[in-house]
Novice: 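Handing you a structure now.
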Amino acid sequence: HGGGRAEATPYIRILNEELRRGQGALALHAHDGKFEVDFQARDEDARFLLARAAATFLSTADPSRIRRCGGTNCILYFYDATKSGTRRWCSMAGCGNRMKAALHYQRSKLT
């Protein structure tokens with residue numbers, strides 16, 4: 001399965017290029033009795049917002065929980081937030097059902 005290690009990849013370079021495009025300033029604000037510093041962007045566009053969300057996620061997520069979908073021909077990755085850590089598909093309704101139906105069909109052909 002994919003994930004498991006934080007690596008320098010071309011994707012990080014692309015994210016950093018998009019993050020550098022953002023213009024704005026740092027701002028201090030109070031939240032839940034604590035102070036937080038946050039970057040307040042001006043003229044945020046969709047690419048910057050997506051890059052910022054991805055960077056925030058990747059900097060706080062457990063890399064071992066980022067997995068590639070086990071569905072046939074599926075190119076998606078997902079974050080496994082299940083307690084057991086055994087999620088296999090990006091979507092149970094999509095890839096999960098297709099894989100289970102294919103297994104059921106194969107088993108029914110054998111009997």
Side-chain angles (χ1 to χ4, degrees):
H1 282 343
R5 295 189 320 261
E7 299 176 349
T9 66
Y11 303 111
I12 292 173
R13 181 184 51 76
I14 292 167
L15 277 176
N16 282 332
E17 286 173 7
E18 291 303 321
L19 291 170
R20 278 191 287 276
R21 289 179 347 98
Q23 295 182 4
L26 293 174
L28 179 67
H29 55 89
H31 181 72
D32 291 336
K34 297 179 188 176
F35 289 108
E36 293 181 353
V37 175
D38 189 26
F39 180 75
Q40 305 283 312
R42 287 188 301 266
D43 301 324
E44 296 176 331
D45 68 2
R47 290 186 341 201
F48 174 78
L49 292 174
L50 287 171
R52 182 178 177 181
T56 300
F57 168 75
L58 290 171
S59 68
T60 58
D62 176 356
S64 69
R65 292 275 185 151
I66 300 171
R67 307 223 172 90
R68 185 171 186 164
C69 180
T72 304
N73 298 325
C74 185
I75 62 168
L76 298 179
Y77 285 77
F78 62 88
Y79 188 74
D80 184 357
T82 63
K83 195 177 229 183
S84 64
T86 57
R87 182 174 161 188
R88 296 176 54 194
W89 302 290
C90 62
S91 162
M92 190 58 206
C95 288
N97 268 348
R98 281 191 289 277
M99 292 299 290
K100 286 184 172 192
L103 288 172
H104 177 72
Y105 177 73
Q106 290 298 323
R107 284 192 299 264
S108 69
K109 282 178 49 176
L110 296 175
T111 57

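Note that these values count all heavy atoms, side chains included, but never hydrogens, waters or copies made by symmetry. FYI, the numbering just counts along the sequence from 1.
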Novice: Are any non-hydrogen side-chain atoms of Arg87 and Phe78 less than 4.5 angstrom apart?
Specialist: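 Counting from C-beta outward, Arg87 and Phe78 do come under 4.5 Å.
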Novice: Write down the atom of Trp89, the atom of Cys69, and the distance for their closest heavy-atom approach.
Specialist: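 Scanning both residues completely, I find the closest heavy atoms to be CA-SG, 3.7 Å.
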Novice: Can you tell whether the side chains of Arg88 and Asp80 come within less than 4.0 Å, N to carboxylate O?
Specialist: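 The answer is no: the pair does not qualify as a salt bridge.
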Novice: CD1 of Ile12 to CG of Leu19: how many Å apart, nearest 0.5 Å?
Specialist: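 These two atoms lie 11.0 Å from each other.
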Novice: With sequence neighbours excluded, tell me which residues meet ring pair (Phe, Tyr, Trp, His ring centres under 6.0 Å) with Phe39.
Specialist: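 Per chain and number, Phe39 pairs via ring pair (Phe, Tyr, Trp, His ring centres under 6.0 Å) with no residue.
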Novice: Are any side-chain N or O atoms of Arg67 and backbone N or O atoms of Gly70, one a donor and one an acceptor, separated by less than 3.5 Å?
Specialist: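 Checked: no pair found.
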Novice: Please check if atom CD in Gln23 has more than 12 non-hydrogen atoms from other residues, nucleotides or ligands closer than 6.0 Å.
Specialist: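 Result for CD/Gln23: open.
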Novice: Does any N or O in the side chain of Arg13 come within less than 3.5 Å of the main-chain N or O of Leu15, such that one atom is a donor and the other an acceptor?
Specialist: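 Checked: no pair found.
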Novice: Contact between Asp45 and Arg21 at the side-chain level, heavy atoms closer than 4.5 Å - yes or no?
Specialist: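 They are in side-chain contact.
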Novice: Does some side-chain heavy atom of Met92 sit less than 4.5 Å from a side-chain heavy atom of Asn97?
Specialist: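 Result yes, sub-4.5 Å side-chain heavy-atom pair found.
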Novice: Once ring pair (Phe, Tyr, Trp, His ring centres under 6.0 Å) is applied, do any residues pair with Tyr79, and if so which ones, sequence neighbours excluded?
Specialist: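 Residues passing ring pair (Phe, Tyr, Trp, His ring centres under 6.0 Å) with Tyr79: Phe57.
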Novice: Nearest 0.5 Å please: distance from the CD1 atom of Ile75 over to the CZ atom of Arg68.
Specialist: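 Nearest 0.5 Å value for the CD1-CZ distance: 8.0 Å.
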Novice: Strictly below 4.0 Å, N to O, side chains only: are Arg52 and Asp38 in salt-bridge contact?
Specialist: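 Judged by the 4.0 Å cut-off on N to carboxylate O distance, Arg52 and Asp38 do form a salt bridge.
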Novice: Just verifying a value: how many Å separate Arg42 CZ and Phe48 CZ, rounded to the nearest 0.5 Å?
Specialist: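 Result: 11.0 Å between the selected atoms.
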Novice: Give a yes or no answer on whether the side chain of Arg65 reaches the backbone of Thr82 with a donor-acceptor pair at less than 3.5 Å.
Specialist: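 At least one qualifying donor-acceptor pair exists.
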Novice: Could you give the distance from CG (Leu28) to CD (Gln40), rounded to the nearest 0.5 Å?
Specialist: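 Interatomic distance, Leu28 CG to Gln40 CD, rounded to 0.5 Å: 10.5 Å.
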Novice: With rounding to the nearest 0.5 Å, note down the distance linking CZ in Arg47 to CD in Glu18.
Specialist: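 With rounding to 0.5 Å, CZ (Arg47) is 4.0 Å from CD (Glu18).
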Novice: What closest approach, in Å, do Ala61 and Pro63 show between heavy atoms, and which atom pair accounts for it?
Specialist: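 Smallest heavy-atom distance, with atoms named: O-CD, 3.3 Å.
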Novice: Please report the closest heavy-atom contact between Ser84 and Thr86, naming both atoms and the distance.
Specialist: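 Shortest heavy-atom separation between Ser84 and Thr86 comes out as OG-OG1, 2.8 Å.
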Novice: Nearest 0.5 Å please: distance from the CZ atom of Arg98 over to the OG atom of Ser91.
Specialist: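 Rounded to the nearest 0.5 Å, the CZ-OG separation comes to 7.5 Å.
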